[in-house]
Amino acid sequence: MPNILLIPGSLRAASSSRAFARAIADRLADRAAFSVADVGALPHYNADVTDDPEVRAFVDQVGGADGIVFVTPEYNYSVPGVLKNAIDWASRPAYASVFKDKPCFVATVSGGVLGGVRAQAHLKYILNGMLARVHTGKEVIVAMANAKVQDGAFSDEDTLAFAEAEITSFLAGLG
Ligand SMILES: Cc1cc2nc3c(=O)[nH]c(=O)nc-3n(C[C@H](O)[C@H](O)[C@H](O)COP(=O)(O)O)c2cc1C
């Protein structure tokens, strides 16, 4: 079974993207082993810091994963700073980081109608810059996401079925 690292872009406990990530992990539990990165534990990026235990743990998680699934909201038309910070930590050395050739899948979530489609494009652009292997296919964008969470669980069956099909195709393409 492939080992997949879920990287959420929201830190809040009641986050719709975190709920969506949990639902995806549950739904695909027979096809992949999922773990979740804690991007909130990382310090702010500082190139002078060369030996931080949280950074080392995150970089090792990315490096050791067979694939990465990002599930992130859009903040001000782009990627949340906390997610970009995590990516920056794991992006060195340039063009030879743990992201190089790493299979990556992007899902975006929004409280509004556009489903974070701008953050989706920005994140894919960022990943391309690190020479990651970004999954191409139908884009998983989750609109009106907060309304699809009931008692902490993401509960929109159509969205989950659509995402399941795309992520299954991503898993099938792993080395
Ligand atoms: C700082 C901030 C910026 C936001 N900017 C956008 C945006 O550009 N586009 C959008 O669709 N929603 C935006 N939102 C609304 C989020 O989509 C909404 O809060 C969503 O629930 C956040 O994801 P989460 O539930 O995983 O925390 C923003 C929210 C915050 C807190």
Side-chain angles (χ1 to χ4, degrees), residues 4-29 32-46 54 57-58 61-62 65 67-91 99 102-130 132 134-168 170-171:
I4 302 297
L5 181 64
L6 285 162
I7 304 186
S10 172
L11 302 184
R12 72 189 185 101
S15 156
S16 56
S17 33
R18 297 180 80 89
F20 184 64
R22 284 194 301 275
I24 289 297
D26 284 351
R27 211 164 163 112
L28 292 165
F34 289 93
S35 54
V36 182
D38 181 9
V39 296
L42 297 168
H44 289 155
Y45 183 79
N46 180 345
E54 298 292 350
F58 177 68
Q61 274 186 311
V62 174
I68 310 283
V69 175
F70 291 89
V71 182
T72 184
E74 175 176 288
Y75 278 3
N76 298 310
Y77 288 20
S78 190
V79 174
V82 71
L83 176 59
K84 182 61 163 52
N85 182 60
I87 291 171
D88 289 343
W89 274 119
S91 70
F99 275 114
K102 186 67 66 182
C104 290
F105 187 96
V106 174
T108 52
V109 162
S110 163
V113 294
L114 293 183
V117 68
R118 293 160 293 215
Q120 171 118 195
H122 287 197
L123 181 49
K124 287 175 172 172
Y125 187 71
I126 291 163
L127 293 167
N128 282 329
M130 299 187 301
V134 182
H135 179 77
T136 54
K138 294 175 190 164
E139 295 191 314
V140 174
I141 58 165
V142 184
M144 311 302 286
N146 293 301
K148 294 171 180 167
V149 178
Q150 312 288 323
D151 299 324
F154 190 91
S155 57
D156 188 74
E157 174 56 29
D158 287 350
T159 306
L160 285 170
F162 181 84
E164 178 182 1
E166 278 308 305
I167 296 173
T168 298
F170 170 67
L171 296 176

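Owing to the predicted nature of the structure, the values given are computational and were not obtained by experimental measurement. Whatever order the structure lists them in is the order used to number ligands and atoms, beginning at 1.
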Notebook entry, point to check: Can you name the closest pair of heavy atoms from Gly116 and Ser110 and give their distance?
Noted result: N-CB, 3.4 Å
Margin query: So which atom in Asn85 and which in Pro43 form the shortest heavy-atom distance, rounded to 0.1 Å?
Written below: ND2-O, 2.9 Å
Checklist line | Residues in contact with ligand 1, criterion: heavy atom under 4.0 Å | finding: Ser10, Arg12, Ser15, Ser16, Ser17, Pro73, Glu74, Tyr75, Asn76, Tyr77, Ser110, Gly111, Arg118, Asn146
Notebook entry, point to check: Which residues pass the ring pair (Phe, Tyr, Trp, His ring centres under 6.0 Å) test with Phe154, sequence neighbours left out?
Noted result: Phe20
Notebook entry, point to check: Given side chains that start at C-beta, do those of Leu127 and Phe70 come closer than 4.5 Å, heavy atoms only?
Noted result: yes
Next item on the list: Kindly write out the residues that satisfy salt bridge (Lys or Arg N to Asp or Glu O under 4.0 Å) with Glu139, not counting sequence neighbours, or none if the list is empty.
Entry: Lys124
Margin query: Which residues pass the salt bridge (Lys or Arg N to Asp or Glu O under 4.0 Å) test with Asp88, not counting sequence neighbours?
Written below: Lys84
